[in-house]
Protein chains: 2
Amino acid sequence: MSKKNASIYDIAKEAGVSTATVSRTINTPDKVSSETRTKIHSIMERLNYSPNALAQSLVSRSTRTIGVFIATVNNPYYAEMVHVIEKHAFHNNYSILLGNTGNWIEKEEKYVEIFVKKQVDGIIFVGGRNVTDPHSHHIMKTSERIPVVLTNHALVGKNIYCVLSDEAEGACMAVQHLIDTGRDRIAYINGFNFSYPSVVKKDSYIKTLSRNQISVNEDLIVNAPKDNMEGGYAACEALLEKGSEFNGIFVANDMMAVGVMKKLTEAGYAIPGDVSVVGYDDIQLCHYLTPSLSSVTQNISKLGSMAVQLVNDVLEGKEVGKITYLHPELKIRESSLPH
Amino acid sequence: MSKKNASIYDIAKEAGVSTATVSRTINTPDKVSSETRTKIHSIMERLNYSPNALAQSLVSRSTRTIGVFIATVNNPYYAEMVHVIEKHAFHNNYSILLGNTGNWIEKEEKYVEIFVKKQVDGIIFVGGRNVTDPHSHHIMKTSERIPVVLTNHALVGKNIYCVLSDEAEGACMAVQHLIDTGRDRIAYINGFNFSYPSVVKKDSYIKTLSRNQISVNEDLIVNAPKDNMEGGYAACEALLEKGSEFNGIFVANDMMAVGVMKKLTEAGYAIPGDVSVVGYDDIQLCHYLTPSLSSVTQNISKLGSMAVQLVNDVLEGKEVGKITYLHPELKIRESSLPH
DNA sequence: ATGAAAGCGCTAACAC
DNA sequence: GTGTTAGCGCTTTCAT
């Protein structure tokens with residue numbers, strides 16, 4: 001189909017110089033006389049030359065490529081993370097190989113293997129992970145070769161770095177806010193039951209209730225089947241079916257909260273009149289919902305930029321902290337106004 | 001930091017065979033005796049060997065990597081496209097290099113150059129593009145080397161393939177639906193003024209009105225400053241300020257429609273009582289909004305899978321159509337119920 | 001300032 | 001079934 005691309009060799013021949021000289025005009029132009037340099041440049045132009053990064057990387061041992069794994073791009077929180085990561089990566093001259101795992105560990109393992117073969121310089125795992133299964137093996141193994149950064153998950157290892165929002169603190173703020181605004185029967189819609197952030201939030205939810213002398217009602221805690229709108233809707237349905245009274249709901253993430261609000265509205269509950277709702281992640285949408293959704297913000301921007309910065313710093317041999325916590329912040333909107 | 005990775009050479013030495021034999025056990029196992037094969041496998045295991053894809057690609061002239069460009073991942077429509085593309089790519093053993101252009105042509109140009117240097121096998125440009133500027137030069141140039149697939153944009157060129165939803169048809173369906181349900185003063189919130197899909201939709205909007213003997217009121221057509229919720233909100237604000245009466249709005253995409261609905265609600269309009277609203281793209285969220293949002297669906301799933309299929313087919317030398325249109329479909333929900 | 005040559009890790013004739 | 005060797009496109013000493 002296409003005639004073979006021009007190589008450094010073609011340029012050299014055409015210019016009557018050695019490949020070394022051509023290489024130099026690309027990488028260390030000042031070590032080449034201006035005449036030959038211009039001549040070579042014009043030939044490159046004419047032959048539509050573009051250096052083959054594979055060959056370059058083969059010798060430089062660096063691809064300027066970072067592998068990024070997320071559970072589902074079509075969750076605005078993850079999409080925003082990808083957005084931020086891509087932005088910072090580009091700015092630091094990295095490209096992003098994106099892998100959508102759908103929380104499917106086997107796919108992730110295969111993917112990691114592929115990316116490692118493709119010689120990514122580092123890998124970023126975005127989002128909380130399962131705390132139970134033998135999840136970390138391939139991560140550990142990978143970290144023996146390249147730096148690994150985890151976002152919103154804590155994992156210790158030689159070449160593993162974590163940056164996470166303090167979700168215990170965030171969950172506490174959310175629940176305490178509900179209590180402070182007069183809600184005393186507070187439900188909690190959990191995400192994936194064994195995901196790190198869910199575990200942390202649930203724990204914090206329980207502790208905060210206790211600290212306020214509110215007894216924990218197991219009927220008010222429900223695990224969503226999926227951590228998206230559909231899952232939130234279903235979870236809220238289940239909650240209603242249990243029949244326990246509640247006047248406040250803390251939802252582990254905003255997308256689920258959208259589903260929860262939909263279900264509540266359909267069931268005739270006024271928000272926040274009858275039920276006060278607080279979500280988590282503070283995605284842009286919160287502001288545009290009716291009623292607007294109170295939420296805990298994670299500073300996604302910082303989270304993402306730090307993730308990229310971490311792999312970059314490690315690659316450059318800088319000293320960096322193994323684990324960094326960011327403080328969340330509560331954004332109060334209409335959905336949790338006191339009645 | 002890390003000791004050098006084992007190479008095929010290390011394996012060969014350890015096993016007392018030649019590198020060719022090692023290569024064979026990787027690629028054509030049956031051409032190697034089972035004894036040596038098992039021996040080599042165990043050594044690979046022990047040395048944690050992983051083939052270097054850079055070297056492989058250097059000789060095979062294929063990276064099994066596709067470059068994907070989108071405007072903004074944090075627009076659910078694009079996110080969904082990425083999701084689908086990634087899924088199909090993985091299934092066909094491709095990896096995705098993702099570039100977020102933010103509609104910034106210079107960034108895209110740089111990115112394309114980088115991806116080409118990195119030897120991607122093909123490039124997919126997702127989403128409508130500007131119809132005016134000298135946008136296509138880098139695309140044309142790229143298509144001389146590798147197949148280029150465009151989604152929701154029509155562009156002709158030797159190695160360029162397009163798959164798009166028929167947005168003229170979609171816009172027509174939306175507007176006709178508004179008319180059929182008794183709306184006679186229909187506004188149109190446009191996306192980027194010169195983006196291909198916007199141009200097509202606006203044109204179709206005007207034609208559909210005319211076909212129904214409804215005169216076009218320029219005050220009812222407003223270009224959103226951004227094609228997201230914020231932009232929709234602002235556009236609706238501008239629309240209200242112009243003072244022309246309207247009882248229906250067709251919005252060029254769902255995210256803008258969310259902003260439009262927010263503004264309408266704040267301004268005291270009932271949806272669909274006072275104003276009927278129809279969006280475009282049919283993102284999942286439509287179903288969960290209150291009121292749920294009528295929208296035109298693009299069959300994102302098909303769009304994305306075809307995009308991947310196209311680059312794959314072209315790479316395999318198959319004959320494929322240069323341009324494919326998919327039929328959109330109107331999903332009627334609460335926001336456009338007749339009053 | 002430039003060239004010769006080795007090497008990055010792997011594949012693919014070709015020979016035995 | 002296995003080894004030898006050239007080559008993929010580029011960088012980098014070491015000479016000159």
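Proteins get letters first, then strands, A, B, ... in listed order; numbering begins at 1 in each. Remember, predicted model here, so these are calculated numbers, not experimental data.
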Less than 4.5 Å apart, any side-chain heavy atom of B:Val17 and any of B:Ile40? yes
Hey, does A:Thr36 reach any base, or is it just sugar-phosphate, or nothing, if we go heavy atoms under 4.0 Å? sugar-phosphate
Between C:dG3 and A:Ser18, is there an OP1 or OP2 to side-chain N/O distance shorter than 4.0 Å? yes
Cationic tip of B:Arg64 within the cone over B:Tyr94's six-membered ring, i.e. under 6.0 Å and within 45° of the normal? yes
How long is the straight-line distance from NE2 of B:His153 back to CD1 of B:Ile160, given to the nearest 0.5 Å? 9.5 Å
Compare every heavy atom of B:Ile114 with every heavy atom of A:Phe90, then report the nearest pair and how far apart it is. CE1-CD1, 4.4 Å
For a quick check, with a 4.0 angstrom heavy-atom cut-off, what is the B/S/- contact string for nucleotides 6-16 of chain C, read 5' to 3'? --BBBSBB---
Please give, in whole Å, the distance from D:dC10 C1' to A:Met44 CE? 11 Å
Could you check whether B:Phe115 and B:Tyr111 have their ring centres less than 6.0 Å apart? yes
Report yes if a side-chain nitrogen or oxygen of B:Ser33 is closer than 4.0 Å to either non-bridging phosphate oxygen (OP1 or OP2) of D:dT2; otherwise report no. yes
Rounded to whole Å, the NZ-P distance (A:Lys31 to C:dG3) equals 15 Å
Does a donor on one side chain and an acceptor on the other come within less than 3.5 Å for B:Asn74 and A:Tyr77? no
